[in-house]
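Note on naming: letters A, B, ... go to the chains in the order of the sequence lines (proteins, then strands), and numbering restarts at 1 for each one. All values below were derived from every heavy atom in this structure, side-chain atoms included, with hydrogens, water molecules and symmetry-related copies excluded.
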There are 2 protein chains.
Amino acid sequence: MNGFLGTYYVNLDDKGRANVPAKFRTILEKDNNLNMVVCVMDDFLIVFPQDEWKLNEEKMNDLSAFDTADRNRLREFYSRADECEMKSGKVLVPSRLRKMAELNKEVVLVGMSRTFEIWSKDRWEKANPEFAEN
Amino acid sequence: MNGFLGTYYVNLDDKGRANVPAKFRTILEKDNNLNMVVCVMDDFLIVFPQDEWKLNEEKMNDLSAFDTADRNRLREFYSRADECEMKSGKVLVPSRLRKMAELNKEVVLVGMSRTFEIWSKDRWEKANPEFAEN
DNA sequence: TACGATGTGACTAATAGTGTCGAAAAGTGT
DNA sequence: ACACTTTTCGACACTATTAGTCACATCGTA
């Protein structure tokens with residue numbers, strides 16, 4: 001298994017849920033890794049499957065919760081994150097993150113091996129014109 | 001379980017209570033950890049669930065009660081703290097702390113993994129413009 | 001005791017999130 | 001090209017959560 005690969009155009013449903021492409025779903029289900037952490041990054045969202053998120057979190061352990069600078073870095077990390085879960089083959093993108101990444105109906109899922117990203121179609125095609133389906 | 005994550009805009013009710021978001025509530029209820037210690041830190045409040053507070057308190061034991069500098073740090077910490085409890089899904093923010101952190105009606109709860117913070121909306125958005133909802 | 005200020009519980013309407021299903025679209029094998 | 005399977009899409013009804021309000025309880029003080 002090669003992790004998350006490829007680019008998928010999907011539509012959010014009326015409640016902001018994205019249908020997870022079958023290949024992504026298989027990867028998540030394989031390890032019973034249905035929980036994810038979604039995090040705003042620049043212009044798009046990064047989705048960490050639970051296990052992968054834990055790895056990142058461990059790297060933060062050196063930071064002190066009582067040092068202002070460290071605390072700011074921790075906050076930057078945690079405040080932009082939120083949990084979500086794949087249910088009935090779909091993930092609900094938390095509404096605040098949806099707004100921050102300016103996701104409307106049309107979004108793009110981009111595989112990044114151990115994580116995947118969620119872009120608004122507009123931003124994706126602006127950044128990657130070669131994908132634009134005329 | 002990933003601890004407190006994400007950013008929630010909530011309004012204090014007429015008596016200064018904040019509705020605890022369902023995800024935070026679940027974490028607190030899981031360990032029957034409905035008691036908390038709230039502490040003024042810089043510009044905002046930090047909420048320690050009881051268990052987490054105990055851990056921090058142990059760390060403070062290293063400081064000497066007979067060293068003036070240590071004593072000052074301890075005093076700074078304890079004097080700005082107060083207890084509170086989640087009741088009917090809400091926490092009453094102690095009024096003295098509310099004033100110190102300049103909380104009005106609109107506040108922001110920010111997950112920090114093992115603790116969470118309470119900010120006034122104004123200060124939060126001043127410090128983190130990217131969160132400003134247009 | 002009576003009063004004001006503060007804290008608590010209960011309720012309701014509005015909003016947000018969830019499960020299910022069938023039709024449409026995409027992909028597969030012959 | 002055709003029939004068949006899998007996947008995606010969108011809609012709808014249903015459940016959970018949230019915001020806000022009101023009535024009542026408690027506490028300290030005069």
Side-chain angles (χ1 to χ4, degrees), chain A residues 4-30 34-38 45 47 81-101 103-111 116 118-121 131 133, chain B residues 2 4-30 34-38 45 47 82-101 103-111 116 118 120-121 133:
Chain A
F4 304 105
L5 290 179
T7 303
Y8 294 86
Y9 280 64
V10 308
N11 293 335
L12 301 186
D13 73 9
D14 53 349
K15 300 306 178 65
R17 288 179 295 181
N19 209 325
V20 180
K23 284 185 178 174
F24 285 14
R25 202 181 305 166
T26 309
I27 298 173
L28 294 167
E29 282 168 349
K30 178 170 60 71
L34 271 41
N35 288 89
M36 287 160 268
V37 175
V38 187
L45 305 180
V47 182
D82 203 344
E83 289 179 308
C84 67
E85 199 183 342
M86 188 170 68
K87 289 171 186 161
S88 318
K90 301 180 180 188
V91 285
L92 177 67
V93 183
S95 70
R96 175 152 297 276
L97 303 190
R98 224 153 57 214
K99 282 176 200 139
M100 290 176 76
L103 303 187
N104 298 307
K105 187 173 178 184
E106 302 178 306
V107 306
V108 181
L109 305 189
V110 186
F116 61 92
I118 307 180
W119 290 69
S120 84
K121 183 190 169 197
F131 276 89
E133 42 182 4
Chain B
N2 288 306
F4 304 104
L5 288 181
T7 304
Y8 294 85
Y9 280 62
V10 309
N11 294 336
L12 301 186
D13 72 11
D14 53 350
K15 301 306 177 64
R17 288 178 296 180
N19 209 325
V20 181
K23 283 183 180 173
F24 285 14
R25 203 180 304 165
T26 308
I27 298 173
L28 295 167
E29 282 168 349
K30 179 171 59 71
L34 271 41
N35 288 88
M36 287 160 267
V37 175
V38 188
L45 305 180
V47 182
D82 202 344
E83 292 178 307
C84 68
E85 198 183 343
M86 186 170 70
K87 289 170 186 164
S88 316
K90 299 181 179 186
V91 284
L92 177 67
V93 183
S95 70
R96 194 169 43 88
L97 303 190
R98 223 153 58 213
K99 281 171 200 141
M100 290 175 77
L103 303 187
N104 300 306
K105 186 173 178 185
E106 300 178 306
V107 305
V108 181
L109 305 188
V110 185
F116 62 91
I118 307 180
S120 85
K121 183 189 170 196
E133 36 186 7

Residues that A/F4 engages under ring-ring contact (aromatic ring centres under 6.0 Å, His included), provided they are two or more places apart: A/F24, A/F116
Go through the structure and list residues passing side chain to side chain donor-acceptor pair (under 3.5 Å) with B/R96, not counting sequence neighbours.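 By the side chain to side chain donor-acceptor pair (under 3.5 Å) rule, B/R96 matches no residue at all.
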Please identify each residue that fulfils side chain to side chain donor-acceptor pair (under 3.5 Å) with B/D82, with sequence neighbours left out.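 Residues passing side chain to side chain donor-acceptor pair (under 3.5 Å) with B/D82: none at all.
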Heavy-atom check, side chain of A/I118 versus side chain of A/V110, under 4.5 Å: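 SC-SC contact between A/I118 and A/V110 ruled out.
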With sequence neighbours left out, what residues match [X] under side-chain contact (heavy atoms from CB on, under 4.5 Å)?
X	value
A/N104	none
A/A81	A/V37, A/C39, A/W53, B/L5
A/R17	A/D13, A/K90, A/L92

[X] [atom1] to [N] [atom2], straight-line distance once rounded to whole Å:
X	N	atom1	atom2	value
A/M86	C/dG17	CE	P	19 Å
B/N19	C/dA14	CG	P	18 Å
A/Y9	C/dA26	OH	P	15 Å

Bending between helix ends of the helix from C/dT1-D/dA30 to C/dT30-D/dA1 [5 pairs per end, 10° resolution]: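 Between the first-five-pair axis and the last-five-pair axis there is 30°.
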Grab the two heavy atoms, one from A/M86 and one from A/V91, that are nearest each other, plus how far apart they are. CA-CG1, 3.8 Å
Those residues that, when tested against [X], pass salt bridge (charged side-chain N to carboxylate O under 4.0 Å, His left out) (two or more places apart):
X	result
B/E83	none
B/E29	none
B/K15	none

Under 4.0 Å from any heavy atom of chain A: name the first and the last nucleotide of DNA chain D that qualifies, 5' to 3'. D/dT7 to D/dA13
Protein-nucleic acid N or O pairs under 3.5 Å, nucleotides 5-11 of chain C:
| residue | atom | partner | partner atom | Å |
| --- | --- | --- | --- | --- |
| C/dG7 | N7 | B/K15 | NZ | 3.0 |
| C/dG7 | O6 | B/K15 | NZ | 2.3 |
| C/dT8 | OP1 | B/K87 | NZ | 2.2 |
| C/dG9 | N7 | B/R17 | NH1 | 3.0 |
| C/dG9 | O6 | B/R17 | NH2 | 2.7 |

Checking all strands, does [X] fall into the base, sugar-phosphate, or nothing category for heavy-atom contacts under 4.0 angstrom?
X	result
B/N11	sugar-phosphate
B/V91	nothing
A/K105	sugar-phosphate

